[in-house]
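Quick notes on the structure that follows.
Just so you know, ligand 1 is whichever comes first in the structure, and atom 1 is the first atom listed for that ligand. As the structure is a prediction and not an experimental result, all values here were calculated from the model.
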Amino acid sequence: MARGIFISFEGSEGGGKSTQIALLESALQERGITVRRTREPGGTLLGERLRDLLQHTPELEDLCDEAELLLFGASRAQLVREVIRPALESGTWVIADRFLDSTTVYQGIGRGLGAGSVDAVNAVAVGTSRPDVTFLLDLDAATGHARARAASGDRPDRIENQPPSFFERIRAGYLDLAAANPDRIVLIDASRPVAAVADAIWKECERRFSHELHG
Ligand code: Z5A
């Protein structure tokens, strides 16, 4: 049995990851491909509990940056072993709503923890399980913030509550990461209409995975 393909989606809040993942999942299923979606933090019992702690526990306002890094790492370590690796090994394609690049950018650059400690946690969490391709949905921070607020009824969680400068660092961090990983990370202009973004993503999938898609 051929191993499944591992696709991750990254970007700042409101970039359209959930929207595009749903469209890609449908397009793949129409071609008879079995798809498993994941989200981070989350996707396992441990991950969903950690998601609640990390995003929706107002009492944890003083959570230190180092603890935050380790909690995201713990969620990912469990998800990789419980869900992602078994799915890929059984031939299922995995579409991840955020993966290790989120930690590289949000904790490494946004929180300022630096590449050393973040790379070490990521290495423990994912081992050799890396995405075959990563779609970076790039959008200016203000538009992304407005879209995310409109979608969530204007109730920001603990991380969304950061100042605009935080999200500007996030966008710049992602763009630097894409420039450093041009083979894996595909930069997508997410300011375009939903259908145009979906079309760009699908064309890239066809280009990279024509053998897996068409036999
Ligand atoms: N985090 C971290 O710090 N470290 C880590 O290691 C990990 C995560 C894994 C998880 O957020 C938070 O955890 C995140 C990073 C941090 N915090 N922030 N900020 P989440 O999972 O709760 O949410 P998110 O990942 O930030 O996504 P989101 O805000 O829910 O947005 P999205 O999935 O990218 O977009 P969407 O839901 O598809 O679309 C948002 C709205 O825009 C919606 O109303 C759509 O209809 C609309 N939309 C979508 N596309 C378009 C286009 N093309 N045009 C116009 N409108 C559009």
Side-chain angles (χ1 to χ4, degrees), residues 8-25 37-44 46-48 50-57 60 63-80 84 95-113 117-119 121-122 124-126 131 134-171 173-174 177 188-201:
S8 64
F9 278 73
E10 294 282 354
S12 298
E13 59 169 352
K17 294 181 298 301
S18 310
T19 304
Q20 294 301 329
I21 287 170
L23 292 170
L24 179 59
E25 180 182 32
R37 283 168 68 165
T38 64
R39 69 170 183 177
E40 286 195 40
T44 63
L46 175 71
E48 292 300 324
L50 291 175
R51 182 181 183 91
D52 196 46
L53 279 174
L54 282 160
Q55 292 178 242
H56 305 295
T57 307
L60 279 183
L63 183 71
C64 71
D65 295 341
E66 290 77 4
E68 183 182 90
L69 167 66
L70 292 167
L71 293 177
F72 279 116
S75 174
R76 182 164 309 126
Q78 188 68 28
L79 184 70
V80 164
I84 293 178
I95 310 181
D97 189 339
R98 299 191 177 280
F99 196 60
L100 83 174
D101 297 326
S102 285
T103 310
T104 303
V105 172
Y106 279 81
Q107 279 62 54
I109 294 162
R111 299 300 196 201
L113 291 177
S117 49
V118 168
D119 289 350
V121 170
N122 272 341
V124 172
V126 312
T134 297
F135 291 108
L136 169 56
L137 301 190
D138 176 57
L139 189 62
D140 72 89
T143 307
H145 191 70
R147 279 191 196 170
R149 290 292 61 70
S152 73
D154 208 23
R155 287 187 315 278
D157 65 29
R158 195 180 61 84
I159 298 171
E160 290 166 341
N161 237 340
Q162 298 303 306
S165 58
F166 179 85
F167 294 100
E168 277 148 24
R169 284 202 302 284
I170 298 299
R171 185 188 191 196
Y174 269 124
L177 198 61
I188 300 282
D189 174 1
S191 68
R192 293 171 292 172
V194 169
V197 176
D199 192 47
I201 291 168

N/O donor-acceptor pair under 3.5 Å between Q20 side chain and V194 backbone: yes
Residues forming a ring-ring contact (aromatic ring centres under 6.0 Å, His included) with Y106, sequence neighbours excluded: none
Would you please name every residue forming a salt bridge (charged side-chain N to carboxylate O under 4.0 Å, His left out) with E68, sequence neighbours left out? R111, R158
Just to be sure I understand the cut-off, which residues have at least one non-hydrogen atom under 4.0 angstrom from an atom of ligand 1? E13, G14, G15, G16, K17, S18, T19, E40, R51, Q55, F72, R76, R98, S102, T103, Y106, Q107, R147, A148, A151, I159, E160, F167, A190, R192, P193, V194
Say whether, by atom type as modelled, one donor and one acceptor occur between the side chain of E10 and the main chain of L136 under 3.5 angstrom. no
Going by the rule ring-ring contact (aromatic ring centres under 6.0 Å, His included), which residues pair with F135 if we only count those two or more places apart in sequence or in a different chain? F9
Quick check: does any side chain N or O of R149 sit under 3.5 Å from a backbone N or O of G144, one acting as donor and the other as acceptor? no
